Each structure stands twice: as C-alpha cells, then as structure tokens.
Amino acid sequence: MGVNSEEPVPVPSWHYIEDPDEEGAAGGPQGTTMPLREALRKCYDLRVPKAELFHALWAALPESARQRAQGSDQGGDRLEQQASSGDEGAQAAVLAQLLAGGAEALDAYFDYTGRHVSDVLRTFPSARISLSQLLGALRALQPRLYSISSSPLEGAGHVQATIAEVRYEAFGKPRAGVASAHVSSCLKPGDRVRVYIHKNPDFRLPQDPSTPIIMVGPGTGLAPFRAFILHRLLGGAADDSSTDGSDSHISGSNASAALSSNSNGSSSANGSTANGIPGSGSHTDGAVANGHVRPSVNSSPANGSSSGNGFARVAVNGSRDHGGANGQNNGQSRGVGQMVLFFGCRRRDQDYLYGRDLDAWAASGAITLFNAFSREQVEKELLAMFAAHLAAKGTAPAATTTPSKKAAKKKSAAAAKQAGEGACLDGAAAAQQYLEKLSTSGRYQRDVWYT
C-alpha cells in the first residue's frame, strides 16, 4: 500500500491500557494515536477481515473491470493466479464470486487455507484502498484462552498453561500463531506479559471429591484435566477457597468440555501479546489477549504460567514429573473418586503431553487411562472407548476438550452418537436427548474456546 510503518493512526477504542512503566509503551490512557506498526501488532486481527474489505476492494477496481466480471463463471486457482499477476478482469471476477457467495464463500476462502489479510491484498493489486479503509475492515484482535493446567496446591503464585506452538506455511510464506509463537519465541525469562483471569462457572470438579469423573480431551485439551487430576491427588476439594473448585485458563485457543455429576467452576487467564510482528518485520496470524500480567512459562511444547490479574513474570521451566514417585500413588485409595481419562494425540513419540505423568498415574492406579494415537490407530477409537466406558459406568461424570467452535459441534454430535450407541439408545434423536439430559443435570460440561 506504500504506507510508512511509523505513520500515526488512531488508537482503537478497544485497545487495552498499557503499563506506563513498560519500555516503549504506546497507546496509554493519554495517547490518541500510535504508530501503524504498533497498531497492527497489538490491536488488529490480521488473519480474517470483515466482509467490508472485499466490498472496498471491489469498489476500488476500475469500472471496466467490474463490468467484465459480471456474470463470469470462471473460477479456481488459475483465476486467482491471474488476479495476483495484475489481471484486472481476473481480480474483478474473483471478487464478484466471493461477494455473490456471501458469508459462506468468504468463510471457505479463509478456512483451512492459512490465508491472511496480506495475501488478500496481494491477490488484488489493482484495488488501491486507503489505510483508513483497511483498518476499518480489520477485526479487533481477540483473546486466546489457554486452560490453566496446574493446581494452586502445587505452589502459591504460580499458574501453568499448556500451549502448542502454531507454525505452518501458506502461500509460500511461513506463518505462526500470535499468542503461541509470542510465548515460545519472543519471551525470555524475566519478561512481563499482560493476562487476566477468565472464569467459566460451568466447568468444574464435582463438589464431592469421591465422585468419579470421566475426562475426554485431545492434545492441549488435556490441560484442565491435568489440573483436575493434580488437585484431587494433592488433596484439594472442589470448594477449596484457593481454587473455587474451578478449572482455569490463560489466553490461548482451544476448547474443553466436561461431563460431571456436580459442577463447580472454571476460569481462564488472558495474555496480551503482539500480532506476531517482530521489531521491524512481517506479521503472523491469530489473535491474542488484552489484559495485564507477568506469567511464568513452561515448555512442553510450550507451557505458560501466570499469577492472577495484573502482571506475570516470565520464567521458563520444564514440565515437572508428578508421577507416583512423588507420593501421589493410589489417590483413589484416599477417598478420591475414580478418574478416567481419554487422551488423544498424533503420535506417542511426538506430542504425548505429560506422557510420563499420565503413565505413572495410570501405573499407580491413581487414574484409569485410555490413549488414542491417531497416526498409530483409528481416530474414532477415542470416542468409541469413551462410549463403551460411559455405558459401563453410566452414573459417572465425564469431560471433553475441543480446539474450536466448529470442532466442538462435530465432537458434540459424535459424542451423542457414541454415547447413544453405548447406552443402547435408538437413533440420533434419542442419543441427543440423552446428552442434553446429562448436560441439564450438570453431569456433562463443555468448555469451548475459539480460534
């Protein structure tokens, strides 16, 4: 667009108040403008824009190109390549098709493609829009909620989060998740980041620690269940004043769900990081948090810690081993209800998070563990095992985790189907009613976080 990265732009109304003591702080309560680079790093989602961007690009094309595009049925990658190379007719044709297809077409244009706003601008080089038009078509940078994966009984003032670093390539360019890459690559011990606690009162341990629970979660969805398991093994009760019986989060992206008999509470912490734009370079995708804290960070792919509202100090630690050797064997023999965990990941040797802990707890009898490694066995196996166990232990509570709203819908439908089959119910409607009944009674809980 030919704009200067240091050009002052208005501070968006949603921008958080920055720490006035932080070096290089911009956009504080007294500021009305900030450099464009800072605005793009801290305030705007550079991944998926509003539909207004495509309307603005369409209006910016020459009238002759727009007229030629009307009624065009051309499409596909070849047309986009022609558009990127400067063919105004191709640019207009692609935009006309996207706008005619509405929200569904725009969703498909971005979903699973890794496409960013910068890619959109490169596809339509003849559509020159102003900086104010561009900023007006960008969405506010949203929080990423990461489930807190530790119990406060592990150590006062420390909170751990389990964060999988997001890195991939799209359109020939490297991409990185905003929050996860910031934690793994941009922070160093002693740094401060902003976070806040986000509570979910509908995702909690049962009040009675002797109540059995079933937990189902793939990948980093394990985080809240690690916290639940540790809290029980360390002797915490659901109504313990130090936890309010809840699961917690630090800003990130994923989703959790839980099925349980008596619910008790969940919370999250939100981390405010940058839009992946290093000091003077290209940006990365995603959205991060707005708030204030200095968290501790563990790495396993990457584990963040924070302490309450305000500031968290960054520390880098390995994942601690909480297996049987630490005196936590046979938690169930001390009046702790049975804890059944269904965990799924790609490969045992690559992303088996907290694998040593889980295996040790299972070996000691503290938990009953079912693993599904999707690159080593059928992906449906995790839900199938869950259904069979639910049928056998029909009165036990359970929990599930999911990485996005869409994934949560798919998992909910799959859980209903599998639970219905396990309970010998007739048809999808009966299975869905069964799941809704569990939810209404407080035995099925979901904690969904959005990407």
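Computed from a prediction, not measured in an experiment: that's the story for all the values here.
- The minimum heavy-atom distance linking Leu131 with Leu36 is given by the pair CD1-CD1, 4.0 Å.
- Contact annotation: the side chain of Ile129 approaches that of Leu53 to within less than 4.5 Å [non-hydrogen atoms, C-beta and beyond].
- Under the 6.0 Å distance and 45° angle rule, Arg47 does not count as a cation-pi partner of Phe110.
- For the 3.5 Å distance criterion, the side chains of Glu165 and Ser184 qualify, holding a donor opposite an acceptor.
- Annotation: side chain of Glu154 is not in contact with side chain of His231 (no heavy-atom distance under 4.5 Å).
- Judged by distance alone, the side chain of Ser147 and the main-chain N or O of Pro224 form no donor-acceptor pair under 3.5 Å.
- Heavy atoms from other residues, nucleotides or ligands lying under 6.0 Å from NZ of Lys50 number more than 12.
- Ring planes of Phe203 and Phe225: tilted class, angle from 30 to 60°.
- Here the side chain of Asp359 pairs no donor or acceptor atom with the backbone of Arg356 at under 3.5 angstrom.
- A distance of 9.0 Å separates CE in Met339 from CG in Leu205, rounded to the nearest 0.5 Å.
- The backbone N or O of Ser149 sits less than 3.5 Å from a side-chain atom of Arg226, completing a donor-acceptor pair.
- Met215 has its side chain out of reach of Leu222: every pair of non-hydrogen atoms, C-beta onward, lies at least 4.5 Å apart.
- Interatomic distance, CG of Leu138 versus CD of Gln133, reported as 12.0 Å (0.5 Å rounding).
- Proximity of Arg139 to Pro49: side-chain heavy atoms (C-beta onward) are nowhere separated by under 4.5 Å.
- Between the Arg348 side chain and the Phe373 main chain, no donor and acceptor come within less than 3.5 Å of each other.
- Atom CZ of Arg41 is separated from atom OG of Ser5 by 11.5 Å, given to the nearest 0.5 angstrom.
- Checked against salt bridge (Lys or Arg N to Asp or Glu O under 4.0 Å), Arg122 has the following partners two or more places apart in sequence or in another chain: Asp119.
- Under a 3.5 Å cut-off, the side chain of Gln350 and the backbone N or O of Arg347 do not form any donor-acceptor pair.
- When all heavy atoms of Leu134 and Val117 are compared, the pair lying nearest together is CD1-CG1, 4.1 Å.
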### Message
Assess the residue pair Leu135 and Leu40 against the criterion (side-chain contact (heavy atoms from CB on, under 4.5 Å)); give the C-alpha distance rounded to whole Å, side-chain angles, the decisive distance to 0.1 Å, and a yes or no.
### Response
CA-CA 9 Å; Leu135 295 180; Leu40 294 178; 4.0 Å; yes
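- A donor-acceptor pair under 3.5 Å links the side-chain atoms of Ser180 to the main chain of Val166, judged by distance alone.
- With hydrogens and angles ignored, the 3.5 Å screen pairs a side-chain donor or acceptor of Gln91 with a backbone N or O of Ser126.
- Taking the ring axis of Tyr168 as reference, the NZ or CZ atom of Arg175 does not stay both within 45° of it and closer than 6.0 Å to the ring centre.
- Once rounded to the nearest 0.5 Å, the distance linking CZ of Phe54 with CG of Leu95 reads 7.5 Å.
- The closest side-chain heavy-atom distance from Phe124 to Ser84 is not below 4.5 Å.
- The closest donor-acceptor contact from the side chain of Thr113 to the backbone of Arg115 lies under 3.5 Å.
- Val340 has its side chain out of reach of Ile213: every pair of non-hydrogen atoms, C-beta onward, lies at least 4.5 Å apart.
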### Task
Decide side-chain contact (heavy atoms from CB on, under 4.5 Å) for Val9 and Thr33; before the verdict, give the C-alpha distance in whole Å, the side-chain angles of both, and the deciding distance to 0.1 Å.
CA-CA 5 Å; Val9 296; Thr33 65; over 6 Å; no
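- For the pair Leu369 and Ala362, the tightest heavy-atom approach, listed with the atom from each and the gap, is CB-CB, 3.8 Å.
- Listed for the Glu88 side chain is no donor-acceptor partner under 3.5 Å among the backbone atoms of Gly86.
- Side-chain contact check for Phe343 versus Tyr354: every heavy-atom pair is 4.5 Å or farther apart.
- Here the closest non-hydrogen pair linking Ala83 and Ala90 is N-CB, 3.6 Å.
- Contact check for Leu341 versus Leu358: side-chain heavy atoms found under the 4.5 Å cut-off.
- Remark: Gln160 CD to Leu230 CG distance equals 8.5 Å, nearest 0.5 Å.
- When all heavy atoms of Ala92 and Ala65 are compared, the pair lying nearest together is CB-O, 3.3 Å.
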### Message
Let's go through Glu104 and Tyr109 carefully: what are the C-alpha distance in whole Å and the side-chain angles of both, what is the deciding distance for side-chain contact (heavy atoms from CB on, under 4.5 Å) to 0.1 Å, and is it a yes or a no?
### Response
CA-CA 9 Å; Glu104 185 174 342; Tyr109 190 62; over 6 Å; no
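- Between Glu38 atom CD and His15 atom NE2 the span is 8.5 Å, to the nearest 0.5 Å.
- Scanning for side chain to side chain contact (heavy atoms under 4.5 Å, CB included) contacts around Ser64 gives Pro62, Arg68, with sequence neighbours left out.
- Taking all atoms of both residues into account, the shortest heavy-atom contact from Val3 to Glu7 is CB-OE1, 4.1 Å.
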